[in-house]
Amino acid sequence: MDWYPLWNSLRIAAISCILVFFTGILAAYYASKLPKAVKGLLDVVLTLPLVLPPTVCGYFLLILFGVKRPLGRWLAQYGIQFVMTWYGGILAAAVVAFPLMYRTARGAFESFDETLAYSAMTLGLSNTYIFWRIRMPACRQGILAGTVLAFARALGEYGATSMLIGYTPGRTATISTTVYQLWRTNDTAGAFRWVLVNLAISTVVLLAVNLLEDRQKRTVKK
């Protein structure tokens, strides 16, 4: 059994999750401070990949980063090509996973008791210190849950990934695209093995999310 799809899926999910973690937190933090009308408009833009079909997201990525498109040709001059490369999967996974991280982190920031930040300001603490040492620890359960969900979404991504990087054994194959290709070629046993692998990983992720939710509930009760 070739384990490359598992390795490729895990590295794509891990790297995209790191990107989404920082960009999602940054966007959520500043969006939570915007006026209601502006925040509503920004929410529509940033959450759109969550409601669009993944293949549509992949189509837009092809329009932007296709090798014959202006941006794609410009990036190619520096040896960067997202189409039919494994790291193109990072871009696709990050785009579809970003809304989960953003919405979860924004909800956590909006539930934060701002009096804690105001109290810290009276002590002369910097905004950077307040953010990382007070706000983030207070919102950690929601942010961790968003991170786990974003990782799970990136790991199971198929539509945008298949549109942008396709399926090449040993190069761009992921668990999701491998399941489809094996099924398409009537290798039902092989497809089922990868389904079991995906089920095992998904179960672990869901258990992690439930554990975080239970810890958050216990913290709130205290």
Does one hydrophobic cluster hold both [X] and [Y], with members joined at side-chain heavy-atom distances below 4.5 Å?
{"X": "Leu46", "Y": "Phe21", "result": "yes"}
{"X": "Ile25", "Y": "Leu19", "result": "no"}
{"X": "Leu6", "Y": "Leu199", "result": "yes"}
{"X": "Met84", "Y": "Tyr4", "result": "yes"}
{"X": "Phe192", "Y": "Tyr180", "result": "no"}

Across all chains, not counting sequence neighbours, the salt bridge (charged side-chain N to carboxylate O under 4.0 Å, His left out) partners of Arg103 are none

Contacts of Asp43 that satisfy salt bridge (charged side-chain N to carboxylate O under 4.0 Å, His left out) - sequence neighbours left out: Arg106

Hits for ring pair (Phe, Tyr, Trp, His ring centres under 6.0 Å) against Tyr118, two or more places apart or cross-chain, chain-then-number order -> none

Interatomic distance, Thr147 atom OG1 to Leu100 atom CG [nearest 0.5 angstrom]: 11.0 Å

So how far is it from Cys57 SG to Glu157 CD, rounded to the nearest 0.5 Å? 8.0 Å

ILVMFWY clustering at 4.5 Å (side-chain atoms), partners of Leu206: none

Just so I know, are the side chains of [X] and [Y] near enough to count as touching, which here means a heavy-atom distance under 4.5 Å?
{"X": "Leu91", "Y": "Leu61", "value": "yes"}
{"X": "Arg153", "Y": "Pro54", "value": "yes"}
{"X": "Trp194", "Y": "Pro5", "value": "yes"}

May I ask you to check whether over 12 heavy atoms, not counting those of Lys36, lie within 6.0 Å of atom NZ? no

Over 12 foreign heavy atoms within 6.0 Å of CH2, Trp86: yes

Below 3.5 Å, can you tabulate the donor-acceptor pairs from side chains in residues 162-169 to any protein atom, sequence neighbours excluded?
unit_1, atom_1, unit_2, atom_2, d
Ser162, OG, Tyr158, O, 3.0
Ser162, OG, Gly159, O, 2.9

Test of understanding: with side chain to side chain contact (heavy atoms under 4.5 Å, CB included), list the residues that count as partners of [X], not counting sequence neighbours.
{"X": "Ile18", "answer": "Phe22"}
{"X": "Leu41", "answer": "none"}
{"X": "Ile134", "answer": "Phe112, Leu116, Ala120, Leu125, Ile130"}

Without swapping roles, check the side chain of [X] against the backbone of [Y] for a donor-acceptor pair under 3.5 Å.
{"X": "Thr177", "Y": "Ala173", "answer": "no"}
{"X": "Thr104", "Y": "Met101", "answer": "no"}
{"X": "Arg140", "Y": "Pro137", "answer": "yes"}
{"X": "Ser9", "Y": "Ile175", "answer": "yes"}

Salt bridge (Lys or Arg N to Asp or Glu O under 4.0 Å): which pairs involve residues 113-126, sequence neighbours left out? Glu114-Arg135

Which atom pairs, donor and acceptor, lie under 3.5 Å between side-chain atoms of residues 68-77 and protein residues at least two apart or in another chain?
unit_1, atom_1, unit_2, atom_2, d
Arg73, NH1, Lys68, O, 2.5

Can you pull out every ring pair (Phe, Tyr, Trp, His ring centres under 6.0 Å) where at least one residue sits in residues 25-68? Sequence neighbours excluded, please. Tyr29-Phe109, Tyr29-Phe131, Phe65-Phe82

Given side-chain contact (heavy atoms from CB on, under 4.5 Å), test Asn127 with Met121 step by step and report yes or no. CA-CA 8 Å; Asn127 289 331; Met121 290 178 186; 3.8 Å; yes

What's the shortest heavy-atom distance between [X] and [Y], and which atoms?
{"X": "Ser16", "Y": "Ala94", "answer": "CB-N, 3.8 Å"}
{"X": "Phe151", "Y": "Cys17", "answer": "CB-SG, 3.8 Å"}
{"X": "Gly24", "Y": "Ala105", "answer": "O-CB, 4.5 Å"}
{"X": "Cys139", "Y": "Ala108", "answer": "SG-O, 3.3 Å"}
{"X": "Gln81", "Y": "Thr85", "answer": "O-OG1, 2.7 Å"}
{"X": "Ala93", "Y": "Ile12", "answer": "CB-CG2, 4.0 Å"}

What residues form a side chain to side chain donor-acceptor pair (under 3.5 Å) with Asn8, not counting sequence neighbours? Arg11

